[in-house]
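Just so it is clear, the model here is predicted, and its values are computed rather than measured. Quick note on labels: first sequence line is chain A, next is B, and so on, each numbered from 1.
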Protein chains: 2
Amino acid sequence: MVSSIAELISDRIGAMPAGERRAAQTLIASYPLIGLKTVAEFSAAAGVSSPTILRFVARLGFQNYPEFQSTLQDELAAQLQSPASRTLNPPSQGASAVSPMLEATLDNMRETFRHLSDKQLADIVAKLADRRGKTFLIGGRFTDPLARYMAAHLAIIKPNVFHLAGQESVWRDRLIDMGKRDVLVIFDIRRYQDSLVRFAETANQRGVQIVLFTDQWLSPIARFARHVIAGRTAVPSAWDSSAALFVVAEALIGAVTRQLEADGAKRIRELESLR
Amino acid sequence: MVSSIAELISDRIGAMPAGERRAAQTLIASYPLIGLKTVAEFSAAAGVSSPTILRFVARLGFQNYPEFQSTLQDELAAQLQSPASRTLNPPSQGASAVSPMLEATLDNMRETFRHLSDKQLADIVAKLADRRGKTFLIGGRFTDPLARYMAAHLAIIKPNVFHLAGQESVWRDRLIDMGKRDVLVIFDIRRYQDSLVRFAETANQRGVQIVLFTDQWLSPIARFARHVIAGRTAVPSAWDSSAALFVVAEALIGAVTRQLEADGAKRIRELESLR
DNA sequence: CAAAATACGTAACATACGATACAGCGCTCC
DNA sequence: GGAGCGCTGTATCGTATGTTACGTATTTTG
């Protein structure tokens, strides 16, 4: 039994030619709004021609476009009247392999933020928004992308942001550039990497303020860190999840940006003009 | 400020003639479904003539009937896509600057997964778990870290996983290695990068299957993609959020790992012994 | 109560929308 | 390498749709 058009589409999308698949994907992406518009608008949004749209709805089993739209509308009406049943993909009697993953991830985030005080975050934001010192970011094997992500954003809104990458010897030598005014953002979840711990220890000796993103069991680097963000990482998977840390990182990026804008950063305008 | 058409109607319903009032009441009764149908159907449902319906929407301030319908659709889209706005009592105690960010992110994830079918994910997992072809990953300015993150995991559980990085000319030349059996995972959210689009186009011409991670507005690469994952990116911040895509990526990594383990990957054991 | 004004529906109209025929192209399979 | 099939877009067509003009009905007002 196929209850919704969305299901129907995902059932058959595999057996569709390229053009119709684009139509399907476009519809799913902003379901179901585009399906309520005219064929012309639909086709334009999907980047195909109108006949392809019509063939698409025909393949779904509808006699004509208006019939397709009516069904869509009825579906919508049913949803609106019982907000409870608003799920496109019904809770799906445990068959789904990803749903528990999502649930666990959402829980992780809520838990992570519950243990983070506004004060703590505000302190970190203040430090990161300080333009006087340099900002270094580094991560472990799986978390280095998070460091990169954060660096990519921070580098735009303030000067002297450096992501430390490549061989250990390379970034170890960068310690020479680090001093009291500077910040070192480290991502390290288990299994904690010795090289990172040693790096953090040395940096700490040089007076660098360390902001540590780690898991709830705390990397040994926590000993040297000025600020510690402990994220939940447990999910029903073979791997730990860095998603909670990722979200904290995004929240910090957003807050720092706001802070620097408030301070009157003409920097961003300058950047705009450079493009 | 009148935010919804429903409010607008209840504001003015007092100053309407009998026929138009019936139209208004009919619309409110099954809001907004009937307004999406044709003038003829609307008039029949309200028991008035079509011109009365048109006069009714004209009185609401719309130039013509299609404009009225578009507005209704936009309103509907806003409702459907941000479940947050449906909650009457926002989590409040709004002192926290990060809380709205978290809420929006959680919503984004729920929405993103709501638009993803198990079938769709299963297809992608099957393709990624296929050890025969090569797997290439690449991302845009801010999303490249996601590609790295995924590559870091996939490279452990299967051979021939390559993250494309560095200068454009470097990874463009890698196209020579790509063929029909291969997969290209692309992360691209707005502003979409031309270089990536061209890259995807060429790869597609070579028969590479493209898995696209993009935002809800769909990168132009969707045209060439075999599979499209549309994540929600809107958050109360100066930046778009990639968190939802990150979580999808993690879910896929987990699923692919499980799949390959089921196939009996002695690879992981081998790796263990190498350490 | 009469006269005017407003409201409403019928019917004709024009437009834009969905539908269809056809040709070009690429792909697959001999 | 050639023949066949399937997919896609262009151009055209018929029609359903929104729109307007006008006459009748109903209400309002002096």
Side-chain angles (χ1 to χ4, degrees), chain A residues 5 9 12-27 32-73, chain B residues 5 12-27 32-73 178-182 201-210 220 222-226:
Chain A
I5 296 188
I9 292 172
R12 306 200 184 169
I13 196 169
M16 286 184 188
E20 297 178 32
R21 197 159 53 229
R22 273 188 281 177
Q25 283 159 349
T26 310
L27 176 58
L33 184 63
I34 197 70
L36 299 176
K37 306 210 176 245
T38 65
V39 174
E41 284 174 291
F42 193 165
S43 67
V48 298
S49 68
S50 351
T52 299
I53 299 297
L54 296 175
R55 281 187 285 262
F56 163 65
V57 303
R59 193 180 296 268
L60 292 178
F62 298 97
Q63 295 300 319
N64 49 34
Y65 195 72
E67 183 187 323
F68 163 74
Q69 287 191 319
S70 295
T71 310
L72 223 46
Q73 286 173 3
Chain B
I5 297 188
R12 306 200 184 169
I13 197 170
M16 287 183 188
E20 298 179 29
R21 194 155 49 230
R22 291 187 64 182
Q25 283 159 350
T26 309
L27 177 57
L33 187 63
I34 196 69
L36 299 177
K37 304 208 177 249
T38 66
V39 174
E41 285 175 288
F42 193 166
S43 67
V48 297
S49 68
S50 345
T52 301
I53 299 297
L54 294 174
R55 281 187 285 261
F56 163 66
V57 304
R59 193 181 297 267
L60 291 178
F62 298 98
Q63 294 300 316
N64 48 32
Y65 195 71
E67 182 186 323
F68 163 72
Q69 286 191 319
S70 295
T71 311
L72 271 183
Q73 285 175 6
M178 302 188 194
K180 285 181 190 155
R181 311 187 89 95
D182 304 332
E201 187 171 7
T202 313
N204 176 59
Q205 280 163 8
R206 297 184 61 89
V208 181
Q209 277 203 20
I210 296 179
R223 291 179 45 107
F224 317 114
R226 181 76 177 73

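- In this pair, A/F42 and A/F68 present their aromatic rings parallel. The plane angle is below 30°, not in the 30 to 60° band.
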Next item on the list: Heavy atoms under 4.0 Å is the rule here; annotate nucleotides 19-30 of chain C 5' to 3' with B where the base is hit, S where only the sugar-phosphate is, and - elsewhere.
Entry: BB----------
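- Rounded to an integer number of Å, the gap from A/F56 CZ to D/dG6 P is 21 Å.
- Separating the CD atom of B/E67 from the P atom of C/dA16 is a distance of 15 Å, rounded to the nearest angstrom.
- A/L27 is listed as a side-chain neighbour of A/F56, based on a closest heavy-atom distance under 4.5 Å.
- Counting heavy atoms from C-beta outward, A/E41 and A/S50 have side chains that stay 4.5 Å or more apart.
- Listed nucleotides: D/dG9, C/dC8, D/dT8. Nearest to the side chain of A/A18: D/dT8.
- Proximity of B/R226 to A/R21: side-chain heavy atoms (C-beta onward) are separated by under 4.5 Å at one or more points.
- Distance, B/F68 CZ to D/dT17 P: 17 Å, rounded to whole Å.
- Residues A/I13 and A/Q25 are in side-chain contact: their nearest non-hydrogen atoms beyond the backbone lie under 4.5 Å apart.
- Side-chain atoms of A/S70 and A/Q73 include no donor-acceptor pair closer than 3.5 Å.
- Atom CZ of A/F62 is separated from atom C1' of C/dG18 by 16 Å (rounded to the nearest Å).
- For the pair B/I53 CD1 and C/dC8 C1', the computed distance is 12 Å after rounding to whole Å.
- Heavy-atom minimum distance, A/T52 versus A/G19: CG2-C, 3.7 Å.
- Distance from the side chain of A/E20 is smallest to D/dT8 among C/dC17, D/dT8, C/dC8.
- Here C/dG9 presents its C1' atom at 17 Å from CZ of B/F42, a figure rounded to the nearest Å.
- Computed from coordinates, the A/K37 NZ to C/dG18 C1' distance equals 17 Å when rounded to whole Å.
- Rounded to a whole Å, the CE atom of B/M16 is 18 Å from the P atom of C/dT6.
- Between A/S49 and D/dT10, a side-chain N or O to OP1/OP2 separation shorter than 4.0 Å is absent.
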